[in-house]
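All values below were derived from every heavy atom in this structure, side-chain atoms included, with hydrogens, water molecules and symmetry-related copies excluded.
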Amino acid sequence: MFPFNKKKKKIEQALANCATVVDLSHQDLGNSEAGYLAEELKVNQTLQRIDLDEAGKLAEVLKVNQTLQTINLLWNSIGNEGAGKLAVALKANQTLQTIDLENCLISNEGARKLAEALKVNQTLQTIDLRHCLISNEGGVKLAEALKVNQTLQTMYLSENSIDRGGGKVGRGIESQSDIADNIFDEGAGKLAGALKVNQTLQTMDWSVNLIKWEGAGKLAGALKVNQTLQTINLYHNLISNEGGGKLAEALK
């Protein structure tokens with residue numbers, strides 16, 4: 001039996017044995033297998049969640065599938081091209097609620113495309129963009145989307161980075177720290193501005209993003225207005241006593 005037929009059989013068994021959740025991660029699916037899976041999912045009426053190691057042709061599936069609620073693509077090298085295809089699909093899909101794109105090599109261009117999709121999509125509730133390559137530019141685009149989107153409840157942006165001159169800067173490693181701090185504070189300010197308008201977001205993860213006291217101050221201003229946010233993670237930033245004081249005032 002050829003390798004493709006063996007993997008095809010695994011896909012068939014997975015779809016047959018579990019009506020709502022299928023885990024095909026770590027199966028080393030190639031283009032042929034991904035294509036076969038995509039065709040099967042176009043007619044599947046029960047599957048709600050799928051865990052995979054690659055994006056493949058799933059973006060096309062999302063345009064027609066009416067049952068999938070969760071897609072887990074974390075730790076895959078889908079990059080901006082894959083993010084763009086998924087973004088197009090999200091504009092059409094009306095059932096997906098959760099998409100996990102953690103550590104998928106998505107930078108500002110991919111974030112921009114996903115942000116455009118979030119302005120249109122009316123069902124997605126959670127998007128995970130942790131450990132990506134999104135800097136201030138991408139953060140601003142996501143902030144613009146939050147001003148329009150009325151369904152998203154959770155956004156994870158932990159451990160993103162600045163790409164200055166081709167070099168990744170994260171976790172405070174920057175010889176000219178004032179440049180990094182200004183950029184991240186500006187991005188935090190834009191996201192804070194979005195929180196003043198957004199009425200659905202409940203959880204925001206901004207941990208490990210080099211936010212200083214100025215960004216924290218803008219966030220505090222947003223928290224005085226926002227009526228829906230329930231959880232915010234600011235772990236491992238550069239918020240000083242002054243920034244902490246501003247946040248404390250907002251919580252009164």
Handout entry: Given L114, T123, L118, the one that forms side-chain contact (heavy atoms from CB on, under 4.5 Å) with L90
Key = L114
Any side-chain heavy atom of [X] sitting closer than 4.5 Å to one from [Y]?
{"X": "I71", "Y": "L86", "value": "no"}
{"X": "I134", "Y": "L129", "value": "yes"}
{"X": "T126", "Y": "D100", "value": "no"}
{"X": "I239", "Y": "L234", "value": "yes"}
{"X": "V120", "Y": "N149", "value": "no"}
{"X": "N93", "Y": "L68", "value": "no"}
{"X": "W213", "Y": "L238", "value": "no"}

Handout entry: salt bridge (Lys or Arg N to Asp or Glu O under 4.0 Å) evaluation trace for E102 with R130
Key = CA-CA 5 Å; E102 179 182 354; R130 286 177 289 184; 3.6 Å; yes
Are [Y] and [X] linked, directly or through intermediate hydrophobic residues, by side-chain heavy-atom contacts shorter than 4.5 Å (ILVMFWY only)?
{"X": "L223", "Y": "L152", "answer": "yes"}
{"X": "L142", "Y": "I78", "answer": "yes"}
{"X": "I127", "Y": "V88", "answer": "no"}

Problem - Step-by-step side chain to side chain contact (heavy atoms under 4.5 Å, CB included) determination, I106 to N80 - result: CA-CA 5 Å; I106 297 170; N80 292 331; 4.0 Å; yes
Handout entry: N237 (side chain) donor-acceptor with I211 (main chain) under 3.5 angstrom
Key =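 Yes, because the side chain of N237 sits within donor-acceptor range (under 3.5 Å) of the backbone of I211.
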Problem - Backbone of L105 reached by a side-chain donor or acceptor of N103 within 3.5 Å - result: no
Nearest heavy atoms of [X] and [Y], plus distance in Å:
{"X": "A220", "Y": "K246", "result": "CB-O, 3.3 Å"}
{"X": "K85", "Y": "A59", "result": "O-CB, 3.5 Å"}
{"X": "K141", "Y": "A115", "result": "O-CB, 3.3 Å"}
{"X": "K119", "Y": "A145", "result": "CG-CA, 3.9 Å"}
{"X": "G215", "Y": "A188", "result": "CA-CB, 4.1 Å"}
{"X": "C132", "Y": "C104", "result": "SG-N, 4.0 Å"}

Practice task
Show your working on salt bridge (Lys or Arg N to Asp or Glu O under 4.0 Å) between E116 and K113 and close with a plain yes or no.
Solution key: CA-CA 5 Å; E116 290 301 313; K113 293 175 181 177; over 6 Å; no
With rounding to the nearest 0.5 angstrom, report the [atom1] to [atom2] distance, [X] to [Y].
{"X": "H236", "Y": "S158", "atom1": "NE2", "atom2": "OG", "value": "10.0 Å"}
{"X": "Q199", "Y": "Q150", "atom1": "CD", "atom2": "CD", "value": "6.0 Å"}
{"X": "T95", "Y": "L62", "atom1": "OG1", "atom2": "CG", "value": "7.5 Å"}
{"X": "M204", "Y": "Y156", "atom1": "CE", "atom2": "OH", "value": "11.5 Å"}

Exercise for the section: Please step through side chain to side chain contact (heavy atoms under 4.5 Å, CB included) for the pair L219 and L247, ending with a clear verdict. Expected result: CA-CA 8 Å; L219 173 59; L247 291 169; 4.2 Å; yes
Handout entry: Sidechain N-carboxylate O distance under 4.0 Å for K218, E214
Key =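 Salt bridge absent between K218 and E214.
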Exercise for the section: Evaluate the side chain to side chain contact (heavy atoms under 4.5 Å, CB included) criterion for residues L157 and D205: first the C-alpha distance (whole Å), next the side-chain angles of each, then the deciding distance (0.1 Å), finally the verdict. Expected result: CA-CA 6 Å; L157 289 173; D205 185 352; over 6 Å; no
Practice task
Could you verify whether a donor N or O on one side chain and an acceptor N or O on the other, from N108 and S135, lie under 3.5 Å apart?
Solution key: yes
